[in-house]
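Structure record follows, encoded as structure tokens.
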Protein chains: 2
Amino acid sequence: MPATPNNYIVQPVFKALKVLELVAEKGHDVSLTEVASELKLPKTTVFRYLQTLTAASFLRHDAQKDRYGVGGRFRSLARIDKSLHGLRTLAMPEMQRLLDIFNETINLAIVSEGHVVYVEMLEAKRALRMQARLGDRHPMHSTSLGKAILAFLPEEERKAILMTPLDFKTINTVTDRSALSRQLADIRRRGYAIETGENEDGSMCIGVPIFDENAYPVAALSLSAPERRMTTEITVEAVAMLRKAAGAVSAALGYAPEEFATASMAG
Amino acid sequence: MPATPNNYIVQPVFKALKVLELVAEKGHDVSLTEVASELKLPKTTVFRYLQTLTAASFLRHDAQKDRYGVGGRFRSLARIDKSLHGLRTLAMPEMQRLLDIFNETINLAIVSEGHVVYVEMLEAKRALRMQARLGDRHPMHSTSLGKAILAFLPEEERKAILMTPLDFKTINTVTDRSALSRQLADIRRRGYAIETGENEDGSMCIGVPIFDENAYPVAALSLSAPERRMTTEITVEAVAMLRKAAGAVSAALGYAPEEFATASMAG
DNA sequence: ACATTGGTTTCGCCGGACGGAAAAATCTGG
DNA sequence: CCAGATTTTTCCGTCCGGCGAAACCAATGT
């Protein structure tokens, strides 16, 4: 039956996914027998799958009516994926353009649990071993990416992150809270973050935030290059271009800078 | 080990879900070894899960770089769930209100593969065995729900559905294409659909469409009751209330009736 | 009270999932 | 362009845990 005669299919997994599909596709909560009969699988089996899927919160069990519906974990994963997917899709062309102009490494990162994680990265041909790899988690206070985001986080969250220990990455890393706070105020005013050798010696980084429709800094773009290549002139140019790119992405995400008192659609 | 000592967990499924979670949570595509080491599972096992998840299109395998990312099926399920979840959440209070007023069965349905499927249903206490059950699929041409949607579908899609055979449900079912077309034109003009005994003898139904932000009729609300209880007076009242309710849901979905030439955010 | 439907539990069997190891493919850097 | 390292894929014997029939239980309606 499988079009691709793949020998590495694990049946329990495959069948359980069918169950998940069915539940998600039906609009309403479904019962054990409903699933079993529709999928032509023994009740016992389906029962176990439903239990397992529920245990993993991919499904939710309505004890009241003894029905199963889509669960929180599934929704949360979907949400994560959607925002990331959208972000990447929007940012990629801008990043490509930046790469074309400067021929330096361009990074895209998001926040996750108080760290920045690199989500996309376009490397310059001539790149001399840039610091980060895709998926890496770096501290927020030692990267321009992180600082760009940190500066625009709501008071609450920023404070919370500043509470955590500020470790050294290099001798230049700013670990003094008040110094960092002052830097962040600067960044907020200017709209971009610059970091030189704080995360890695000899490397310099310019970071700018990307905002979503709630003016929340969901991500950041950065250009990173060896210090020696970054003349003042190039730096100024890069800042301008980065801000333009990030602005475009933000706009596409629905960010409206001058917005206030959002008359929302919430009942 | 499991906090909930559930004996009905099937390990392969559970572990495979962990794999899926991991892939979805990481922003970028991941490699086999990455997953294996992170989850502390043998590579062979993870390999099989990845294969299985990919076969079900929950993941996508980038043959180029030999990495795995979130797949189309997952995204499509997420999309379905999200719209349904949102729709239901918005519609439920309105439906409840309608039930309180009329004490007749209130239905919410969406389109799926040329049929209407009942997504939510509030039954009157005094209900005398209403026709449909949650999750049922009914033909579009024999229900007010279906007709309300059909009337506002884009030309293309409407034609397509009218092409399919129009079966009888009762002696009153309209199966003549041109007659149906005329009815639909009426519905379009008036903004609601009425059906009497076309889907089930002795039962009458009023249906109104719900639109999303693209002015697409994604769903419909209906009130259905025994014919004899629906006096002209009550009918008029019901139409008004239904339209109001559907209007509120549509608005919450972002439907802006007078919109044209949407100056979008697309770059 | 009985019948019917839907959910949970038991239990023994045996298939297929498992994972170590080896083979193949792919990626390094010299 | 070739050797070494790393990652992916294949193979295979073991055995465990998934399977499903059937029994059991709970709820509902006749």
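For the numbers below, each heavy atom of this structure counts, side chains included, while hydrogens, waters and symmetry mates do not.
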Practice task
Send over the distance from A/L32 CG to C/dT9 P, rounded to a whole Å.
Solution key: 12 Å
Exercise for the section: For A/T33, answer base if it contacts any base atom (sugar-phosphate contacts may also be present), sugar-phosphate if it contacts only those atoms, and nothing otherwise; contact means non-hydrogen atoms under 4.0 Å. Expected result: sugar-phosphate
Practice task
Round to a whole Å and report the spacing from NE2 of B/H61 to P of C/dA25.
Solution key: 15 Å
Practice task
Go through the steps for A/K65 and A/D29 under the test salt bridge (Lys or Arg N to Asp or Glu O under 4.0 Å), then give the verdict.
Solution key: CA-CA 9 Å; A/K65 313 196 300 171; A/D29 292 5; 5.6 Å; no
Practice task
Please state whether the phosphate of C/dG19, meaning OP1 or OP2, lies under 4.0 angstrom from any side-chain nitrogen or oxygen of B/Y49.
Solution key: no
Handout entry: Gap between atoms CG and P, on B/L41 and C/dG20 respectively (whole Å)
Key = 11 Å
Fill in the blank from the handout: Closest to the side chain of A/K15, out of D/dC19, C/dC18, D/dT9, is D/dC19
Exercise for the section: Mark yes or no for a side-chain to base donor-acceptor pair under 3.5 Å between B/R48 and C/dG19, with no hydrogen or angle criteria applied. Expected result: yes
Exercise for the section: Would you mind checking if A/E104 and A/R229 are paired as a salt bridge, meaning a charged N to carboxylate O distance below 4.0 Å? Expected result: yes
Completion exercise
Assert: residue with more 5' nearest nucleotide on DNA chain C, out of A/E34 and B/K65, is A/E34
Handout entry: Interatomic distance, A/L50 CG vs C/dG6 C1' [rounded to whole Å]
Key = 13 Å
Practice task
Report the distance from atom CD of B/Q51 to atom C1' of C/dC18, rounded to the nearest whole Å.
Solution key: 16 Å
Completion exercise
Closest to the side chain of A/P42, out of C/dA17, D/dG20, D/dT9, is D/dG20
Practice task
Please confirm whether A/Y118 and B/H28 have ring centers closer than 6.0 angstrom.
Solution key: no
Practice task
Take atom CZ of B/F14 and atom P of C/dA17, then tell me their distance rounded to the nearest Å.
Solution key: 19 Å
Problem - B/I9 CD1 to C/dA17 C1', straight-line distance once rounded to whole Å - result: 18 Å
Exercise for the section: Kindly say if B/Y8 contacts the phosphate of C/dT9, meaning a side-chain N or O under 4.0 Å from OP1 or OP2. Expected result: yes
Exercise for the section: Ignoring backbone atoms, establish whether A/T45 has a side-chain N or O less than 4.0 Å from OP1 or OP2 of D/dG18. Expected result: no
Practice task
Answer with yes or no whether B/T44 presents, from its side chain, a donor or acceptor under 3.5 Å of a partner atom in the base of C/dG20.
Solution key: yes
Problem - Base of C/dG7 paired with side chain of A/K43 (donor-acceptor, under 3.5 Å) - result: yes
Handout entry: Side-chain donor-acceptor pair present, A/R73, A/S76, cut-off under 3.5 Å
Key = yes
Practice task
Check the distance between D/dT7's P and B/Y68's OH and give it to me in whole angstrom.
Solution key: 14 Å
Completion exercise
Ranking D/dT9, D/dT8, C/dT8 by distance to the side chain of B/F47, first place goes to D/dT9
Practice task
When you get a sec, tell me which of C/dC18, D/dG18, D/dT8 is the closest nucleotide to the side chain of B/Q11?
Solution key: D/dG18
Practice task
First locate atom CG of A/L53, then atom CZ of A/R60, and finally report the distance between them rounded to the nearest 0.5 Å.
Solution key: 13.0 Å
